[in-house]
Amino acid sequence: MAFALMALTGCDEVAEQDRLVYVKPPEVARCTVIEDFTGQRCVNCPAASAEIEKLQEHYGADTLIAVGIHSGPFGKMPNGRLLSLATETGNQYYDYWKIEAQPGAMINRGAPVYDPQQYGALVSQALSQSTPVTLNIERTYDEATRQLTVKVSGSTVEDVNCKLQLWLTEDGIVDMQMLGDGSTNREYVHNHVFRTSMTNDAFGDTFNLTATGGEKEVSYTTTLADGWNPSKMHIVAFVFDSKEILQATRKPIFGKFEGLIAIP
């Protein structure tokens with residue numbers, strides 16, 4: 001009886017309206033995207049790429065996500081023909097963001113930066129920030145048809161009006177690159193090369209999130225072009241508002257299985 005009385009007394013000490021208290025979930029760590037506007041005829045771009053890869057070694061390539069967007073005047077032959085790694089979409093981004101020189105980089109959609117020695121401080125600052133958004137990727141790849149389906153899910157602890165960008169990149173591409181000493185290396189290895197956008201709009205699709213709306217999911221499907229090596233490719237997803245990239249993630253396309261590959 002004494003124990004029962006103590007239990008009842010303990011319950012009476014907590015007011016009815018105070019028994020269930022909502023605690024806002026904590027914000028999560030933010031990954032950072034560096035959009036590297038580069039070109040195969042850009043003699044200073046290999047040094048910028050080396051700086052980015054050094055930062056990736058320090059922070060991790062899944063935390064600092066790099067995308068090499070071959071574009072602009074150094075992505076073309078003197079006659080205007082696109083070089084092998086440049087894309088029309090990449091040139092649209094180059095023009096839209098008013099890139100003035102190469103190498104030029106945007107870190108979490110900040111103002112373009114043209115000095116690779118500034119990358120480190122800006123990346124460190126971006127990674128120190130938190131974000132209300134969580135972002136995940138699931139993918140299914142059919143090796144026979146080269147069809148890739150990507151499902152992106154996101155949630156938030158506060159309402160955000162944003163867009164989703166979904167890109168494919170490829171590592172380990174051996175192709176020509178002009179170097180700072182004036183030579184041309186035809187065995188140069190290009191990494192995190194932008195291949196294509198999977199969203200309906202090349203500049204991203206609306207992906208607004210609400211704190212009370214639960215998890216939001218969207219799905220996209222594309223067929224990989226001939227010549228792309230899926231075993232060296234990544235899916236890059238990020239959400240952004242009018243000011244900055246809020247969250248990003250990436251996953252490899254291809255696993256070590258054959259046939260239809262569904263990878264959680």
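Quick caveat: nothing in here was measured; it's all calculated off a predicted structure.
Glu217 places no side-chain N or O within donor-acceptor distance of the main-chain N or O of Val152, the cut-off being under 3.5 Å. The backbone N or O of Ile137 sits less than 3.5 Å from a side-chain atom of Lys251, completing a donor-acceptor pair. Between the side chain of Thr149 and the main chain of Thr140, no donor-acceptor pair closer than 3.5 Å is present. Under the 3.5 Å distance criterion, the side-chain polar atoms of Asn108 are left unmatched by any main-chain donor or acceptor of Ala126. Listed for the Asn44 side chain is no donor-acceptor partner under 3.5 Å among the backbone atoms of Ala47. For the pair Arg41 (side chain) and Met178 (backbone), a donor-acceptor distance under 3.5 Å is absent. No donor-acceptor pair closer than 3.5 Å links the side chain of Gln177 to the backbone N or O of Tyr188. The backbone N or O of Leu179 sits nowhere less than 3.5 Å from a side-chain atom of Ser183 that would complete a donor-acceptor pair. Within the 3.5 Å criterion, the main-chain N or O of Asp159 finds no donor-acceptor partner in the side chain of Thr156.
No single ILVMFWY cluster, assembled from side-chain heavy atoms under 4.5 Å apart, contains both Leu64 and Val133. Cluster annotation: Val113 is connected to Val123 through the hydrophobic network of ILVMFWY side chains, with a link wherever side-chain heavy atoms come within less than 4.5 Å. In this structure, Tyr220 is a member of the same hydrophobic cluster as Ile253, with clusters built from ILVMFWY side-chain heavy atoms closer than 4.5 Å.
Considering every non-hydrogen atom in both Gly75 and Ala86, the closest pair reads O-CB, 3.3 Å.
Once rounded to the nearest 0.5 Å, the distance linking NE2 of His70 with CD of Gln40 reads 6.0 Å.
In this structure, His234 has its ring center at least 6.0 angstrom away from the ring center of His192.
Under 4.0 Å is where a charged nitrogen must lie from a carboxylate oxygen, and between Asp62 and Arg250 at least one such pair does. Electrostatic pairing of Glu170 and Arg195 counts as a salt bridge here, judged by a charged N lying under 4.0 Å from a carboxylate O. The pair Glu35-Arg109 meets the salt-bridge criterion, since a charged nitrogen lies less than 4.0 angstrom from a carboxylate oxygen.
Under a 4.5 Å side-chain heavy-atom cut-off, the cluster of Ile, Leu, Val, Met, Phe, Trp and Tyr residues that includes Ile99 is completed by Val33, Phe37, Ile65, Val67, Ile69, Tyr93, Tyr94, Tyr96, Trp97, Met106, Tyr114, Trp167, Phe194, Phe203, Val236, Phe238, Phe240, Ile245.
The one candidate from Asn200, Thr199, Asp201 that meets the side chain to side chain contact (heavy atoms under 4.5 Å, CB included) condition with Ser197 is Thr199.
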* To do: Kindly determine whether Glu51 and Lys54 satisfy salt bridge (charged side-chain N to carboxylate O under 4.0 Å, His left out), including the steps that lead there.
  => CA-CA 5 Å; Glu51 180 66 21; Lys54 182 176 73 174; 3.3 Å; yes

